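Since the structure comes first, as C-alpha cells, the remarks are kept for the end.
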Amino acid sequence: MSRKLRVAVIGAGIAERHLMGYQWNKALFDVPVLCSLDEDRGRNLCQKFGIPEYTQDVETLFGRDDIDVIDVCTPPHNHFELSRRAIEAGKHVICEKPLFGSIADVDAMSEIVQRSDRKLMPIFQYRYGTGLQKLKLLIEEGLTGKPFMTTIETHWWRGPAYYEVPWRGKWATELGGGLLGHAIHAHDMLNYVHGPCAELFAYGATLVNKIEVEDTMALAVKMQNGSLATLSMTLGSRKEISRLRFCFHDLVAESILEPYTMGRDPWQFTAGTPEHQKRVDEALSTYENKEDGYTRQFELFHEAIMADAEPPVTLQDARNSLELVTAAYHSQRTGQPTPMPIEADHPLYKSWLPDTEAAA
Ligand SMILES: NC(=O)c1ccc[n+]([C@@H]2O[C@H](COP(=O)([O-])OP(=O)(O)OC[C@H]3O[C@@H](n4cnc5c(N)ncnc54)[C@H](O)[C@@H]3O)[C@@H](O)[C@H]2O)c1
C-alpha cells in the first residue's frame, strides 16, 4: 500500500532544489521540518515551501517518530556522520553528492545499512535527463552494438566569488576539487552507461583559482566492458559546456551542450546505415516522457521504499564514482596508471586527501 514519506531536510542551499522535487511529488512526500545553521536561508525556505517547523539543532531530528527520511544536503565533510546517525535511528537516508570522503566510508556504510532495515540513496539526479534515458533505452533494446569510445567534457567557470564560501576549495571540507565536486555527475553517466572502470591515468592541476584542490584534470580510462574513455574537467572555461559523446559499433549518441542539464533532450542518435537509423527512430518514438532530475529520482525512491526494493541510485553507484576519483588522485600523485576496483589494501582506501590534510 502506498503512503506518504515524511522527510526532514538538512541544509538550505541545494536543499531548495530538493524541496522543489518534493513539491512536484506532493502526493508522495511531506516535509514537516527543515534544519540548517543559517537561520535566514532556512526560514526563507520554510516560508517558500510551507514547511511548518524550522530548527538549527540537527540532534532533535534523529529521535522523532514523525520522520521517515532524513535528506542530507550539507557540505560533504559531515555526510557520513549524519547518514550513520540517521540510519541507526531507523530513518531512510537521501544524501547529496559526493556521498563520502573515502571508499572505506562507503563500505562501512554498506555494512551499517545491511544491518538495518533502512535504505540509503545517494543523489545523482542528472541521470534522469531524457536524452540519457533514451540512450539507456537503445542499449536495452540492443540497438547500439559494441561500445568503443566515450568522451566527456565538463568545462565550467568558477571565479573567486564561488570560493568565498568557507568550506569550498579546501581538502578538509570540500574533500576534493572539480573532479569530485563538479565532473562527478558526468562521470557517473559514464558508469551508468558502461558500468565500472578498469584502470585510469590522470593529470591534474590547480590553474584557475588560488585554492588547495584541483580545478583542471585530464583522464584516460579503460572500462571493464573493454571500451575506452577520455574525460576532461576544468573550472576555467569562459564558455560553459558539458558534452558527452558515446561511440558504439552501430551508432553515436551525442548530448546537448547545456552545462547543467546535459542529460536532457535533444540528444542526437546517429546510426551507421539508413536501415538502422529507422530502427533507432522507431525505438525512440516509443519512449514515454517522464519528469527528470530530482523529481524523477525522488519518485523512484518512493517506489523503491514502498516495494522494499533497492533505491534507483545505490551505494555501489556511489562507490563506482568515488573509485574513479580515488584512482585519479592516486594516478596524478604517483604518475602511474591505477587499476580498479579500489579495495582495502589500496593506499588511498581510507582517504584520498593529501597526507598533510589527512593528518590535520
Ligand atoms: N547534486 C547537485 O547538482 C548539487 C549541486 C550543488 C551542491 N551539491 C552538493 O550539496 C551539498 C551542499 O552544497 P550547497 O551548495 O547546498 O552548500 P551550502 O553551503 O550552500 O549549504 C549547506 C547547508 O548545510 C547546512 N549545514 C551544514 N552543516 C550543518 C549541520 N551540522 N546541521 C544543520 N545544517 C547544516 C548549512 O547551514 C547550509 O544551509 C554538497 O555536498 C554539494 O556538493 C549538489
Side-chain angles (χ1 to χ4, degrees), residues 7-21 33-46 48-49 51 53-62 67 70-86 93-101 105 121-129 132 154 156 158 161-189 192 213 233 235 240 242 258-264 292-298 301 312-313 317-318 321-322 325:
V7 186
V9 172
I10 313 178
I14 195 63
E16 180 165 8
R17 305 293 295 276
H18 289 225
L19 292 168
M20 287 161 73
V33 56
L34 180 137
C35 172
S36 80
L37 302 177
D38 39 6
E39 186 163 359
D40 282 359
R41 280 209 299 178
R43 285 200 186 278
N44 270 341
L45 288 185
C46 287
K48 185 167 172 188
F49 291 93
I51 300 167
E53 192 183 334
Y54 169 76
T55 177
Q56 288 191 321
D57 186 1
V58 79
E59 292 301 320
T60 60
L61 301 179
F62 302 112
I67 291 170
I70 292 193
D71 182 2
V72 180
C73 306
T74 64
H77 61 97
N78 60 18
H79 286 180
F80 182 85
E81 265 318 288
L82 293 174
S83 299
R84 182 186 66 76
R85 296 281 310 280
V93 170
I94 295 173
C95 184
E96 260 299 347
K97 51 64 39 180
L99 184 64
F100 302 141
D105 278 355
M121 179 179 75
I123 288 290
F124 275 131
Q125 87 278 13
Y126 281 51
R127 283 185 176 198
Y128 299 101
L132 182 61
T154 305
W156 297 358
R158 292 292 183 274
Y162 180 80
Y163 290 102
E164 279 165 17
V165 176
W167 63 268
R168 294 201 179 120
K170 300 186 182 81
W171 284 108
T173 44
E174 197 170 9
L175 306 181
L179 181 72
L180 179 74
H182 299 90
I184 196 166
H185 289 291
H187 297 170
D188 170 62
M189 292 178 179
Y192 185 49
V213 294
M233 177 286 295
L235 301 180
E240 292 198 302
S242 298
E258 290 302 317
Y260 305 108
T261 53
M262 68 288 196
R264 285 191 181 160
D292 72 0
Y294 289 110
T295 304
R296 180 66 178 153
Q297 188 172 346
F298 292 164
F301 175 78
V313 181
D317 293 324
S321 77
L322 296 179
V325 168

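Both ligands and their constituent atoms are indexed starting at 1 by order of listing. The structure presented is a predicted model; accordingly, all values stated were derived computationally and were not measured.
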Atoms in ligand 1 with a heavy atom of [X] nearer than 4.0 Å:
X      : answer
Ile10  : 33 (C), 34 (N)
Pro75  : 22 (C), 24 (O), 27 (C)
Gly11  : 23 (C), 24 (O), 25 (C), 39 (O)
Pro76  : 40 (C), 41 (O)
Tyr294 : 1 (N), 2 (C), 3 (O), 4 (C)
His79  : 41 (O)
Arg168 : 15 (O)

Ligand 1 contacted by Gly181 (non-hydrogen, < 4.0 Å):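 No.
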
contact_flag Tyr260 ligand 1 heavy-atom lt 4.0 Å: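 So Tyr260 does not count as touching ligand 1.
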
Test side-chain contact (heavy atoms from CB on, under 4.5 Å) applied to Ser242 and Tyr126, step by step: CA-CA 12 Å; Ser242 298; Tyr126 281 51; over 6 Å; no

What protein heavy atom sits nearest [atom], and how far away is it?
atom                    : result
atom 31 (N) of ligand 1 : Asn78 ND2, 3.7 Å
atom 36 (C) of ligand 1 : Asp38 OD1, 3.9 Å
atom 19 (O) of ligand 1 : Trp167 NE1, 2.7 Å
atom 26 (N) of ligand 1 : Thr74 CG2, 3.8 Å

Exercise: do Tyr54 and Glu39 side chains pair donor with acceptor under 3.5 Å: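 Tyr54 vs Glu39: no donor-acceptor pair found between side chains.
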
Partners passing side-chain hydrogen bond (donor to acceptor under 3.5 Å, both in side chains) against Thr74 (at least two apart in sequence or in another chain):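 For Thr74, the residues satisfying side-chain hydrogen bond (donor to acceptor under 3.5 Å, both in side chains) (neighbours in sequence not counted) are Asn78.
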
Nearest candidate to atom 41 (O) of ligand 1, where distance is taken over non-hydrogen atoms, out of Glu96, Gln297, Lys97, Gln125: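 Minimum heavy-atom distance to atom 41 (O) of ligand 1 goes to Lys97.
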
From Glu174, Glu59, Arg41, Glu16 - option closest to atom 21 (O) of ligand 1 by heavy atom: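 Looking at heavy atoms only, the winner is Arg41.
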
Short N-O contact, Asp317 and Arg127, less than 4.0 angstrom: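 Yes, Asp317 and Arg127 are salt-bridged.
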
Would a distance-only check, ignoring hydrogens and angles, find a side-chain to backbone donor-acceptor pair under 3.5 Å from [X] to [Y]?
X      : Y      : result
Gln297 : Pro122 : yes
His79  : Phe100 : no
Thr173 : Trp167 : yes
Ser36  : Gly11  : no

Are any of the N or O atoms of [X] closer than 3.5 Å to those of ligand 1?
X      : result
Val58  : no
Tyr126 : no
Gln56  : no
Ile14  : yes
Leu37  : yes

Region of [X] engaging ligand 1 - heavy atom pairs below 4.0 Å:
X      : value
Arg17  : neither
Leu82  : neither
Ala15  : neither
His185 : side chain

Tyr294 and His18 aromatic ring geometry - parallel, tilted or perpendicular at 30°/60° bounds: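 If you compare the ring of His18 with that of Tyr294, the planes turn out tilted.
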
Step-by-step side-chain contact (heavy atoms from CB on, under 4.5 Å) determination, Ile94 to Phe298: CA-CA 9 Å; Ile94 295 173; Phe298 292 164; 4.1 Å; yes

More than 12 heavy atoms of other groups within 6.0 Å of Asp57 CG: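 Check passes, neighbour count above 12.
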
Exceeds 12 heavy-atom contacts within 6.0 angstrom, atom CZ of Arg168: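 Above 12, so yes.
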
Working for side-chain contact (heavy atoms from CB on, under 4.5 Å), residues Trp156 and Met233: CA-CA 8 Å; Trp156 297 358; Met233 177 286 295; over 6 Å; no

Listed partners of Arg41 passing salt bridge (charged side-chain N to carboxylate O under 4.0 Å, His left out), at least two apart: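 Arg41 satisfies salt bridge (charged side-chain N to carboxylate O under 4.0 Å, His left out) with Asp38 only.
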
